[in-house]
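Below: one structure, written as structure tokens.
The first residue of the sequence shown is numbered 1, and numbering continues consecutively from there. Note that ligands are numbered from 1 as they come in the structure, with each ligand's atoms numbered from 1 the same way.
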Amino acid sequence: MKEISVSNKNVRVRFAPSPTGWLHLGSARTALINYLFAKNQNGTFVLRVEDTDLERGDLAFLQQQINDLKWLGLSWDEGPDPDTQKDQGSYKPYLQSQRLPLYQKCVHQLIKMDKAYYCFLTDQEIDQMKKKALEEKTPFRVNSPYRNGDLQQAQERIKKGESAVVRFKVPEVKKNYVIEDIVRGKVTFPSDMVGDFVLLRSSGLPVYNFSCAVDDYFMKISHVFRSEEHLANTLRQMMIFEAFNWPLPVYGHLSLILGEDRKKLSKRHGAVSCNEYKKQGYLPGALLNFLALMGWNPKTEEEIFSLSELINSFSLKGLNPAPGVFDKKKLNWINSQHLKQVTAESLWEMLTPYFKQKGLIFPNSSSWKEKAVLALRSSFSSLEEAVEVFSVLSKNHFEVHETAKDILKWPSTIEVLNEWKIFLKSYASQEVSPEAFTKACKEIQKKLGVKGKFLFMPIRAAVLGCPQGLELKLIISLIKRDVLLKRICSLQKK
Ligand code: GLU
């Protein structure tokens with residue numbers, strides 16, 4: 001592929017969501033790639049809202065998408081303000097629904113240049129054409145009798161109240177449209193892939209391809225990074241650029257994100273919106289790190305990047321045309337690596353709302369909190385998962401798992417737990433140190449002649465409620481002696 005030189009361009013990129021739902025991981029990745037390129041090149045990152053298709057209710061999704069982008073830390077230089085939604089930047093407005101006069105003006109220009117026309121075909125007539133194409137096994141293209149109609153007559157019909165769309169006149173002479181795509185290399189589109197397509201609906205609202213091309217030009221967008229699903233639209237947009245004699249932006253069509261079954265990532269695969277990952281307690285920096293590595297290769301062994309490291313190491317050459325496969329285990333690993341970089345104090349702060357929601361109660365001492373975080377932080381990969389792990393330390397939370405029930409039936413268990421209770425009762429302090437615990441175990445072993453799993457599993461079951469998991473002596477030192485005693489008593493009652 002050709003080396004891509006950008007130094008002579010004033011880099012302006014845009015993320016152009018249609019706020020019809022939550023911010024999908026794929027869209028977040030598109031936003032990220034645009035952001036990284038802009039920041040790496042000292043360029044401008046624009047947020048443009050493609051909302052001409054929306055019902056009013058969908059505007060709630062706009063605020064949600066804005067919140068998600070904000071949470072991710074992908075701040076834009078131009079576009080609606082994240083808090084007030086008021087436009088910021090010299091190319092405003094940034095909501096397409098507020099740019100309708102511009103689309104009207106451009107469409108009239110095309111009509112005047114004889115590159116677009118009013119078309120009165122009804123939906124039924126178009127359906128008939130589709131049916132015929134299907135019967136004849138030929139690809140469907142609209143063949144409008146209005147293509148070479150008289151403009152004045154058309155305008156009169158509209159004045160009288162008839163409704164018409166405006167269609168683009170696809171050049172009659174077949175030719176190839178070619179782009180040098182940053183991700184995919186040379187892509188050739190034969191012009192007869194499309195028939196005369198709609199620019200403006202009869203309601204006066206533009207269709208996506210038209211408003212997108214117009215805005216990319218008027219907002220001086222230099223590079224368009226978007227999902228490869230839009231490749232088929234690129235031909236139409238190139239035709240519009242050509243009709244106006246506008247210079248074309250550089251395109252880069254990012255590969256899809258697939259589920260592990262190699263089908264397009266969707267709800268079937270689990271959580272797909274940023275918001276769900278936020279709720280589950282993934283760190284924004286970790287999610288960005290993970291998304292960046294899906295479709296972009298840093299060309300180093302390093303896999304953990306902060307956002308500023310991503311900006312510095314970003315290069316277009318690393319963009320990969322192969323689809324990215326969503327690997328949840330990798331996301332968890334990346335998140336746990338990011339969690340490790342957070343101080344114990346901040347981690348506790350992040351965890352607090354999760355603990356509150358679950359009703360967990362912990363000692364209010366900062367040294368205890370720090371000790372607890374340090375002992376447990378490698379046992380979870382998200383904040384939500386941490387709740388489960390920390391719950392064993394909460395004085396109001398003790399459950400005996402199914403897996404521990406067998407252990408409690410072993411004949412030696414009763415004796416071990418009795419000795420463990422005697423030890424705890426006689427222990428002078430509320431904090432059983434790891435050394436004291438080891439010593440006590442040795443004594444119980446000597447007295448009862450019980451060792452190995454017959455010694456530790458019952459204690460583990462009585463402390464954690466489950467036979468496996470965290471390092472027992474660390475956990476014991478984090479639970480008050482009285483709470484430990486209460487746990488055995490509750491077991492013995494059963
Ligand atoms: N509104 C389009 C989308 O959400 C944007 C496509 C583009 O970037 O051109 O997919």
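- Around ligand 1, the residues contributing at least one heavy atom under 4.0 Å from the ligand are R14, A16, P17, S18, E50, Y208, C212, R226, H230.
- Between the side chains of Y177 and E242, at least one donor-acceptor pair of N or O atoms lies under 3.5 Å.
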Could you go step by step and tell me if T234 and R226 meet the side chain to side chain donor-acceptor pair (under 3.5 Å) rule? CA-CA 10 Å; T234 304; R226 61 183 169 206; 2.9 Å; yes
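- More than 12 heavy atoms of other shown residues, nucleotides or ligands fall within 6.0 angstrom of atom CG in N396.
- Judged purely by atom type and a 3.5 angstrom limit, D51 uses its side chain to pair as donor or acceptor with the backbone of Q96.
- None of F45, Y251, F15, F37 except one satisfies the ring pair (Phe, Tyr, Trp, His ring centres under 6.0 Å) rule with H223; the exception is F37.
- Y94 pairs with exactly one of V46, V49, L47 by the side chain to side chain contact (heavy atoms under 4.5 Å, CB included) rule, that one being V46.
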